[in-house]
Number of protein chains: 2
Amino acid sequence: MNDEQWLQELLKINDEEVKLSDKQAKILEAAIEMFAEKGYAATSTSEIAKRAGVAEGTIFRHYKTKKELLMAIVTPTIMKIAAPFLAKEFVKEVFESQYSSYEDFIRALMNNRYEFVKKYLPMIRIFWQETAFHSDIKEQIQTVFMENIYGKFKRVIDHFQQKGELADLPANTIIRMTITTIVGFLLTRFILLPNLQWDDEQEMERTIQMLMHGLKKEG
Amino acid sequence: MNDEQWLQELLKINDEEVKLSDKQAKILEAAIEMFAEKGYAATSTSEIAKRAGVAEGTIFRHYKTKKELLMAIVTPTIMKIAAPFLAKEFVKEVFESQYSSYEDFIRALMNNRYEFVKKYLPMIRIFWQETAFHSDIKEQIQTVFMENIYGKFKRVIDHFQQKGELADLPANTIIRMTITTIVGFLLTRFILLPNLQWDDEQEMERTIQMLMHGLKKEG
DNA sequence: ACCAAAAATGAGTGATTACTCACTTCATTA
DNA sequence: TAATGAAGTGAGTAATCACTCATTTTTGGT
């Protein structure tokens with residue numbers, strides 16, 4: 001995958017192709033790098049222009065404001081973060097064929113999001129950092145979660161509770177604990193303590209085991 | 001507790017009393033509020049001065065740079081975050097009397113940190129946000145963790161593993177999962193989704209139960 | 001009441017900020 | 001190849017930035 005393909009893949013929503021001129025791609029790349037490193041507020045448009053090898057005016061030809069540049073990066077990425085839940089056949093696949101247990105489902109989810117975070121780490125950094133300051137980003141995330149993730153996640157949990165695999169805790173609690181555990185691992189692994197020696201496969205399997213023992217039905 | 005007492009309590013290290021003039025306290029209060037709301041980089045010293053009801057020059061009489069003002073807030077707070085582990089008798093108390101099980105220990109720890117986060121929420125926000133950008137803050141946290149927390153935490157886990165209460169996972173893994181679970185709950189509760197209707201006591205107990213089932217020795 | 005030291009002030013500093021705009025260069029198609 | 005619109009440019013703008021310093025005000029000891 002060449003330098004621009006990954007950007008195009010990240011930025012396209014609903015398979016709409018994104019036309020990016022050479023300079024535009026350079027601007028986005030530079031902005032992603034610098035926002036991730038120093039944060040949005042501490043990064044100046046002149047720095048972005050310099051790193052992108054572009055005149056400062058060129059940035060404002062494509063994006064009316066600096067904030068609009070941030071949102072152009074952030075908005076499509078929210079969809080990619082939610083990706084595993086977006087497919088129409090998602091629930092059906094979980095129930096009928098692909099995953100015979102909640103454990104398998106969690107394992108697939110974790111592996112999938114592990115690869116995603118690894119690949120788009122700078123983007124994740126930007127979220128981690130800027131969500132706190134921009135309430136509109138936070139709202140977008142919450143909207144996507146409620147409209148695309150929550151309902152499907154709940155049905156998966158109902159399903160495995162009825163099968164007697166999961167404890168009779170409220171679905172909200174199980175969702176929270178599952179996400180917290182997965183996100184907690186990924187953030188620790190890639191952002192908080194990336195320099196430790198990690199045996200990723202083993203640590204993920206242990207994490208899954210601890211989550212499953214914690215959530216399984218007793219008896 | 002009046003307006004300045006909580007600040008003095010937060011900022012003192014090793015029980016050294018902190019002398020804070022009226023204006024100085026106002027500056028710190030204003031800075032904490034604004035850094036928490038908008039972030040360090042997006043907060044100007046003139047805004048801080050205005051909110052503190054103080055001339056801008058006064059800030060720089062007490063703190064040579066804006067960064068020094070940030071560190072004056074952050075450094076003592078790191079100690080408070082680590083507080084439960086700092087007492088000399090800590091390990092002894094855990095082993096001999098106070099906690100008869102890892103579950104009791106975790107419950108006490110979680111309740112303690114719950115009250116702390118609730119009380120000093122703006123400070124926690126500042127950490128959550130600025131650790132990403134200031135490597136010196138991150139290093140301070142890691143140093144305090146390694147020197148004051150890690151060793152004691154490990155001994156507690158060794159102890160309860162020998163008693164057969166905890167699974168034979170590596171101590172590092174158990175520490176990571178325990179902290180991730182507690183921090184995950186507190187951040188979700190107070191920062192990510194503070195507006196949900198939380199039954200704190202019940203949700204904390206569920207969280208502890210899931211963690212303990214996840215970590216207990218099988219058999 | 002007096003004075004010296006400490007604290008507080010706010011106008012002023014040069015640097016940097018996000019953003020504009022008149023202009024040039026490039027790409028496409030007639 | 002000439003025409004046209006889009007893409008790109010960079011000097012220029014007012015506003016704001018962190019920080020300074022000469023001056024004034026407050027404080028505490030006698």
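Scored by the ring-ring contact (aromatic ring centres under 6.0 Å, His included) test, Tyr40(A) finds Phe35(A), His134(A) as partners (sequence neighbours excluded). Looking at residues two or more places apart in sequence or on another chain, you find a side-chain contact (heavy atoms from CB on, under 4.5 Å) between Asn112(A) and Pro84(A). Under the rule for a side-chain contact (heavy atoms from CB on, under 4.5 Å), the partners of Lys38(B) that lie at least two apart in sequence or sit in another chain are Met34(B), Ala42(B), Thr43(B), Glu47(B). For the side-chain hydrogen bond (donor to acceptor under 3.5 Å, both in side chains) test, no residue two or more places apart in sequence or in another chain qualifies with Asn111(A). Remark: Thr207(B) pairs with Arg176(A) by the side-chain hydrogen bond (donor to acceptor under 3.5 Å, both in side chains) rule, at least two apart or across chains. For Phe127(B), there are no ring-ring contact (aromatic ring centres under 6.0 Å, His included) partners, not counting sequence neighbours.
Arg155(A) and Asp158(A) are not joined by a salt bridge, as no carboxylate oxygen comes within less than 4.0 angstrom of a charged side-chain nitrogen.
Separating the NZ atom of Lys50(A) from the P atom of dT9(D) is a distance of 15 Å, rounded to the nearest angstrom. Distance Phe60(B) CZ to dT13(C) C1': 13 Å, rounded to the nearest Å. Atoms CD1 (Ile27(B)) and P (dA18(D)) sit 14 Å apart, rounded to a whole Å. If you take NZ of Lys64(A) and C1' of dC21(C), they are 17 Å apart, rounded to a whole angstrom. At whole-Å resolution of the value, CD1 in Ile48(A) and C1' in dT16(C) are 15 Å apart.
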Can you check nucleotides 15-17 of chain D for protein contacts, nitrogen or oxygen pairs under 3.5 Å, and list what you find?
| unit_1 | atom_1 | unit_2 | atom_2 | d |
| --- | --- | --- | --- | --- |
| dC17(D) | OP1 | Ser44(B) | OG | 3.4 |

Detail all sub-3.5 Å separations between protein N/O atoms and N/O atoms belonging to nucleotides 8-10 of chain C.
| unit_1 | atom_1 | unit_2 | atom_2 | d |
| --- | --- | --- | --- | --- |
| dA8(C) | OP2 | His62(B) | NE2 | 2.9 |
| dA8(C) | N7 | Arg61(B) | NE | 3.3 |
| dT9(C) | OP1 | Lys23(B) | NZ | 3.0 |
| dT9(C) | OP2 | Ala55(B) | N | 3.0 |
| dT9(C) | OP2 | Thr58(B) | OG1 | 2.6 |

Compile the donor-acceptor pairs under 3.5 Å between side chains in residues 185-194 of chain B and protein atoms, sequence neighbours left out, one pair per line.
| unit_1 | atom_1 | unit_2 | atom_2 | d |
| --- | --- | --- | --- | --- |
| Thr188(B) | OG1 | Gly184(B) | O | 2.6 |
| Arg189(B) | NE | Asp200(B) | OD1 | 2.6 |
| Arg189(B) | NE | Asp200(B) | OD2 | 3.3 |
| Arg189(B) | NH2 | Asp200(B) | OD2 | 3.3 |

